[in-house]
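Below you'll find the structure, written out as structure tokens, and then a few comments.
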There are 2 protein chains.
Amino acid sequence: MIKQIKGVTISQVAEAAGVARSSVSRAFTRPDMLSPETVTRILNAAKALGYVPNHTARALSTGRYGNIALTVPDIANPFFPPLIQASQMEADRSDFCIFLGNGSEDPVQEDKLLKRFAGQVEGFVLASSRLSDAQIREHASQHPLVLINRDVEGIARVLIDSGTGVWQAVEHLARLGHRKIVYVSGPSTSWSNQQRSAAVRDASEKFNLTAQTVATIVPSFEAGKNAVDAILKTGASAAIAFDDLTAQGVLAGMAERHVIVPKDFSLIGCDDVLGAMTYPALTSVSNQSSEAGRVAVSLLMEILQAGTIRDVRHTLETHLVIRDTMTNIPAEFALVD
Amino acid sequence: MIKQIKGVTISQVAEAAGVARSSVSRAFTRPDMLSPETVTRILNAAKALGYVPNHTARALSTGRYGNIALTVPDIANPFFPPLIQASQMEADRSDFCIFLGNGSEDPVQEDKLLKRFAGQVEGFVLASSRLSDAQIREHASQHPLVLINRDVEGIARVLIDSGTGVWQAVEHLARLGHRKIVYVSGPSTSWSNQQRSAAVRDASEKFNLTAQTVATIVPSFEAGKNAVDAILKTGASAAIAFDDLTAQGVLAGMAERHVIVPKDFSLIGCDDVLGAMTYPALTSVSNQSSEAGRVAVSLLMEILQAGTIRDVRHTLETHLVIRDTMTNIPAEFALVD
DNA sequence: CTGTTAGCGCATTCAG
DNA sequence: CTGAATGCGCTAACAG
């Protein structure tokens, strides 16, 4: 049994402070049970020796690991870093650590990660999980689990309802006089894509414009760029893209074809992860991804504390962030309402 | 003592299979020490009960946690996600899990995270650590530790030498006929910035062009945009920016002022995190961040296995990735060499 | 090949 | 208020 580095233990502190091991333990977990002076004596001895409580040993004894796991399908997708960051900050408030898992858009990998994490975490947060409902239910039956952007009945979940923001986007386009728009879709199995697609359809109907769909398989810059010909062929005057990455691709593709945005064509993204970092600055539907991470972890903490699984369904509204990629079109085409 | 979920233990499996606990343990860790038939008997019993080895308990006994910690100063900085992803893939090869820590650009927070991770990880990888050399040494004395983009004598480190790529950038500009360039600097304390700044200076001297510096405090899109006036005032015909984010800001600022890149002005970024996602596509110095993550973890694994701390200094070369933001300037200004 | 024994570091009864 | 004893789940000698 080779220890990498033998950390200083509770026993050494106990000896140094001339007390029992249990007192050292209490000094860190229940200082109120000890006389103030012995507490300080122990704490001093601990600091002198550089003692740090061993979380693993504590976990074994208490059954509380102080860790949670967070999985995302693709950390390189700019949607997730803010979510991860916010999750960590929230976890930190309860002194929890986060295991991060990158599912690589692969259900098998994601499942493997969860199994590997089990036994050292108290609960899971799965963001945009690629697992099947059945798999999710299976894991949820073993540990407290909160979903982000995945709607499984009976399991705590926080959903970013892009519908509200997309509706606003369509409405705004209608007011600007557009009559024919296209939705550049994302993965058909994605919950978010279904939301957005439906919102485009419903709002278009309501505001009396026609909406077509140009499909992409994977949301990416390349996919957006490749979709441009199809988009232009529809004769639409504006497009709403599944996400900002795709929109950025569309933007580049348009520029290559000397179609000036917004003069010749209007464009709206989703997720608002690019901020004003494009030129022209991309109008987009805000996504609240960090809020989603925060809420999810906070929910998980509640569940852990209460010890009961709650069937919560927390939805986060979105809204349109207007920047520079839209323009109105000639009055003769304007919407009559 | 409330267990969240009482997992099935080795003892229950032992009883079910009619063997000793140690045999169950061996069935999972050293099956070769048992007769094939008892192994299958145990494995069957285990599966029937849904037994999963408890990693925490195992860690306590062996001192091998099977986890490592990775800290980054800001996960939202596009430099890091690829690094994190590659680190995870490499860790996964050795069946290690990763604790992710986001230092929030704050040494205090970073230090706190490391202390919190200690006791459940076997080693650390610190990417672009904001800690002082002394603090790093302190932690390195307690646990195996590998640095990324931080050069501390005696501690294993992998360094992305942007010097080579920046040198190429300057050389390329010189060949295109530029005589006067500007370096849009990053944080003065950053190791990377020092590398890049020095490379611009040295290469400029070598290729006989004059280089000025326009300083920004924090590398960001905004900073780049705000630097544009100062850049133009220098009368330079090209700029090299500290990173792609800054370069993208410069690009947007130029566009706003109707300075056409690359026709009127040439621009080069660093890190190459934007790919071809700008328009025009940004020429940049590749950064190899994922390779850095991979190598760092692999190094850490080596150290863990060997049980000895090695003073490795692994440097990764960079190179110029030429895209569309550069142009040559009139022959009368061309470099004579 | 397999059972017995003894901890890993800590929290927590139970006695003082 | 504090010390002694017990066990968390598992691995690792040490015997057979």
Side-chain angles (χ1 to χ4, degrees), chain A residues 1-43 45-46 49-67 118-122, chain B residues 1-43 45-46 49-67 116 118-122 142:
Chain A
M1 177 167 15
I2 301 159
K3 300 280 165 162
Q4 289 300 332
I5 271 93
K6 40 161 36 162
V8 11
T9 78
I10 212 174
S11 309
Q12 310 183 33
V13 178
E15 187 171 15
V19 296
R21 289 166 16 185
S22 46
S23 294
V24 178
S25 173
R26 288 191 265 254
F28 283 90
T29 54
R30 331 265 328 236
D32 52 301
M33 291 181 68
L34 264 41
S35 85
E37 68 168 21
T38 56
V39 170
T40 57
R41 185 151 46 98
I42 292 173
L43 258 36
L49 296 180
Y51 168 76
V52 175
N54 182 322
H55 234 86
T56 300
R58 180 178 294 180
L60 190 57
S61 163
T62 59
R64 313 209 63 243
Y65 295 90
N67 302 321
Q120 40 191 348
V121 301
E122 293 179 47
Chain B
M1 178 168 11
I2 301 160
K3 301 278 166 161
Q4 290 297 332
I5 273 99
K6 45 167 18 165
V8 12
T9 78
I10 211 173
S11 308
Q12 311 181 32
V13 178
E15 188 172 15
V19 296
R21 291 166 15 188
S22 48
S23 294
V24 179
S25 171
R26 287 191 267 255
F28 283 89
T29 55
R30 323 207 49 112
D32 52 300
M33 291 181 69
L34 263 41
S35 85
E37 67 167 21
T38 55
V39 170
T40 56
R41 184 151 47 97
I42 292 174
L43 258 36
L49 296 179
Y51 168 75
V52 175
N54 181 321
H55 228 87
T56 302
R58 179 179 294 178
L60 189 58
S61 164
T62 60
R64 311 209 66 240
Y65 296 89
N67 302 321
R116 176 67 177 74
Q120 40 191 348
V121 301
E122 292 180 47
Q142 312 268 348

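Treat the numbers as computed from the prediction; the structure is a model and nothing was measured. Here is how names work: the chains are called A, B, and so on, in the same order as the sequence lines, proteins then strands, and each is numbered from 1.
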How far apart are the closest heavy atoms of B/Arg21 and B/Ile10, and which atoms are they? O-CD1, 3.7 Å

Looking across every strand, which nucleic acid part, if any, lies under 4.0 Å from B/Thr29 by heavy atom: base, sugar-phosphate, or nothing? sugar-phosphate

Heavy atoms from C-beta onward define the side chain here; which of D/dT11, C/dA11, C/dC10 lies closest to that of A/Asn54? C/dC10

Can a side-chain donor-acceptor contact be found between A/Gln120 and B/Asn54 if the only test is distance below 3.5 angstrom? no

Starting at atom CD of A/Gln120, determine the distance to atom P of D/dC10, rounded to an integer number of angstrom. 13 Å

Measure the distance from CZ on A/Arg58 to P on C/dC8 and round it to the nearest whole Å. 18 Å

Any side-chain N or O of A/Ser61 less than 4.0 Å from the OP1 or OP2 oxygen of C/dC10? no

Roughly how far, to the nearest 0.5 Å, is CG of A/Leu60 from NE2 of A/His55? 13.0 Å

Under the side-chain contact (heavy atoms from CB on, under 4.5 Å) test, residues paired with A/Thr40 that sit two or more places apart: none

What one should report as the nearest heavy-atom pair of A/Val8 and A/Tyr51 is O-CD1, 3.2 Å

B/Leu60 atom CG is separated from D/dG7 atom C1', nearest whole Å, by 12 Å

Tell me: CE of B/Met33 to C1' of C/dT2, nearest whole Å? 9 Å

Classify the nucleic acid contact of A/Phe28 as base, sugar-phosphate or nothing, counting any heavy atom under 4.0 Å across all strands shown. nothing

Rounded to whole Å, how long is the line connecting atom CG of B/Asp32 with atom P of D/dA12? 13 Å

Indicate yes or no for a side-chain donor-acceptor contact from A/Arg64 to the backbone of A/Ala59 under 3.5 Å, with no hydrogens or angles considered. no

Name all residues meeting the salt bridge (Lys or Arg N to Asp or Glu O under 4.0 Å) criterion together with B/Arg116; count only those two or more places apart in sequence or in a different chain, and write none if there are none. A/Asp95

Show the nearest heavy-atom pair for residues A/Tyr65 and A/Val121, with the distance to one decimal. CD1-O, 4.0 Å

Given the rule in the side-chain contact (heavy atoms from CB on, under 4.5 Å) test, do B/Leu34 and B/Ile42 qualify, once you have shown the distances and angles that lead to the verdict? CA-CA 10 Å; B/Leu34 263 41; B/Ile42 292 174; 4.2 Å; yes

Could you list the donor-acceptor pairs under 3.5 angstrom formed by side chains in residues 23-33 of chain A, with sequence neighbours left out?
unit_1	atom_1	unit_2	atom_2	d
A/Arg26	NH2	A/Ser22	OG	3.4
A/Thr29	OG1	A/Ser25	O	3.0

For nucleotides 3-5 of chain D, tabulate all protein N/O to nucleotide N/O atom pairs closer than 3.5 Å, reporting atom names and distance.
unit_1	atom_1	unit_2	atom_2	d
D/dG3	OP2	A/Ala20	N	3.1
D/dG3	OP2	A/Ser23	OG	2.6
D/dG3	N7	A/Arg26	NH2	2.7
D/dG3	O6	A/Arg26	NH1	3.3
D/dG3	O6	A/Arg26	NH2	3.0
D/dA4	N6	A/Ser22	OG	3.3

Degree of bending, the helix from C/dC1-D/dG16 to C/dG16-D/dC1 (end axes from five pairs; round to 10°): 40°

Quick one: B/Arg64 CZ to D/dT11 P, roughly how many Å, whole number? 13 Å

Please give me every residue in residues 34-43 of chain A whose heavy atoms get under 4.0 Å of an atom in DNA chain D, ordered by residue number. A/Leu34, A/Ser35, A/Thr38

Non-hydrogen atoms of B/Val19 and B/Arg41 that approach each other most closely: CG1-NH1, 4.1 Å

Look at the side-chain N and O atoms of B/Tyr65 and state whether any lies under 4.0 Å from the OP1 or OP2 oxygen of D/dC10. no

Using the test side-chain hydrogen bond (donor to acceptor under 3.5 Å, both in side chains), find all partners of A/Thr38 that sit at least two apart in sequence or belong to another chain. A/Ser35

Between C1' on D/dT11 and CD1 on B/Ile10, what's the gap in Å once rounded to a whole number? 8 Å

